Amino acid sequence: MSAPPNRAAVRAAVTAWCDALPETAAFEPGRTPVPVSGKIVGTAERLAMVEAALDGWLTTGRFNEAFEQRLAAWFGLARALTVNSGSSANLVAVSSLFSPRLGCAAMRPGDEVITVAAGFPTTVNPILQNGAIPVFVDIRPDTYDIDVARLEAARSPRTRAIVLAHTLGNPFDLAAVSDFCARHGLWLVEDCCDALGSRYRVADEAPAWQARMPDARDPSLWRPADDAPRERHVGAFGHFATVSFYPAHHITMGEGGAVLSCEPDLAAIAESIRDWGRDCWCAPGCDNTCGRRFDWQLGELPRGYDHKYTYSHLGYNLKISDMQAACALAQMDRLEEFVAARRRNFEYLSERFADCQDVLALPRATAGSAPSWFGFPLTLRPEAGVDRVDMLRWLDQHRIASRLLFAGNLTRQPYMTGRDYRVAGSLEVTDRIMSDTFWIGVWPGLDEAMLEYAANRIRLFLGRDFD
Ligand SMILES: Cc1ncc(COP(=O)(O)O)c(C=O)c1O
């Protein structure tokens, strides 16, 4: 007879293997790369992934359930649903707004969605994929987020939603955007892929606009207890929030993301779209969770048609494996520490560049927010006469990684040619950041020596001294 599987022995072996990993070599300026982003995955994550693999369950299972619950609780939202990427999260969130279950509140092809062109393409793509029309509004040069003063001019009788990312972790003006959505009965999707852990102030009283949202929210969300911080995580303000767990992001599961909502009914729509579009909500391996599997009479289907094979949405399969969920569950234990390190690194760089503001425009946190920064954006002032390509080449030569603000001006990207979109006013600032902005890393894997080196190389390029 073979011996029963011994998980403790496997755990001990994995731990010993992790303990024997070589120490990270000491930082050597000019030789060791200074990446813009990266993952920090240790023994706990490896153990969790092995544990999930030993289960042999493979698809979403107990680790996924635990992770979804923990993530939803961390946001203070009703539900979190994992998906296989942040892009899929945006696709599911936006597609959910077109669900027939929403009745007259459902969006339709040809409706308009206010957004920005300065960002990542898959924030905007689901609008096009659903046959709606993105309406691009310019951004502010200091926060890199939507210029809310331009919202009213962007609105038309066809405007039905706002879909925006919190750029590089800096929250957009949630008070103004939420108020605008409420006054005009618009849906709001917050793309938090780069902003896990960013916070935004909460009004003392439930804002007047809350009552006019297309849903009924839990008022307790807006009336924190007296001793509670008067801030909430971004993602808790819109109808849907989305997150990415790609290794560059605040926590990782390799590839992955999540859709969150404060509304159980909206989350149920998102779950259906994630899971093939089916009407049934059985977890993998389960049957008859509703207790009426052979009793439903839906649409034009024969009476009692198996609920498992009844489809109420045009769906996908965007689920993750339990090994991915196990990794992210272990990462949750380190999330606060990661966020604190990102804030610290951001502060350090802000200080190092404080006297360069004649040449470099420094980022500013949106009023009322505490960003969990994704990167440190810098914009070269045109009057400084510094060429961005020269600067980025210089950084590259010194092994300091840099990135642009993603697509820059999305309307100038080749794939947008011939697509149906509208530009509200000019995209002057968006164009400027496309030409003059870049960002460097603030992720927790960067220590002070690396940050100091990166800052000093930039200073040297600008002709500033350093010590
Ligand atoms: C703002 C934003 N939204 C969405 C995404 C897409 O996430 P993913 O790479 O997990 O698909 C990204 C990617 O970095 C992003 O920056």
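Order of listing sets the numbers, starting from 1, for every ligand and every atom in it. Just so you know, these numbers come straight off a predicted model, no measurement behind them.
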Could you tell me whether ligand 1 has any atom less than 4.0 Å away from a heavy atom of Phe374? no

Tell me whether the rings of Trp394 and His398 are parallel (<30°), tilted (30 to 60°) or perpendicular (>60°). tilted

Residue pair [X] / [Y], side-chain donor-acceptor N/O under 3.5 Å:
{"X": "Arg364", "Y": "Asn170", "answer": "no"}
{"X": "Thr159", "Y": "His184", "answer": "no"}
{"X": "Thr437", "Y": "Thr379", "answer": "yes"}
{"X": "Gln324", "Y": "Glu255", "answer": "no"}

Between ligand 1 and [X], is the shortest N or O to N or O distance under 3.5 Å?
{"X": "Ser88", "result": "no"}
{"X": "Gly86", "result": "yes"}
{"X": "Thr122", "result": "no"}

I need the nearest protein heavy-atom contact for atom 1 (C) of ligand 1: residue, atom name and distance, please. Asp194 OD2, 3.4 Å

Considering only non-hydrogen protein atoms, determine which one is nearest to atom 5 (C) of ligand 1 and report residue, atom name and distance to 0.1 Å. Phe120 CD2, 3.5 Å

Ligand 1 versus [X]: contacting region, heavy-atom distance under 4.0 Å:
{"X": "His249", "answer": "side chain"}
{"X": "Ser87", "answer": "both"}
{"X": "Phe245", "answer": "neither"}
{"X": "Asn90", "answer": "side chain"}

Taking 4.0 angstrom as the limit and counting only heavy atoms of [X], give me the atoms of ligand 1 inside it, by number and element.
{"X": "Ser85", "value": "10 (O), 11 (O)"}
{"X": "Asp191", "value": "1 (C), 2 (C), 3 (N), 4 (C)"}
{"X": "Ser244", "value": "7 (O), 8 (P), 10 (O)"}
{"X": "Phe406", "value": "16 (O)"}

Taking 4.0 angstrom as the limit, do [X] and [Y] come out as a salt bridge?
{"X": "Arg274", "Y": "Glu68", "result": "yes"}
{"X": "Arg155", "Y": "Glu152", "result": "yes"}
{"X": "Arg393", "Y": "Asp387", "result": "no"}

Stepwise side-chain contact (heavy atoms from CB on, under 4.5 Å) test for Thr411 and Arg419: CA-CA 9 Å; Thr411 68; Arg419 300 209 181 262; over 6 Å; no

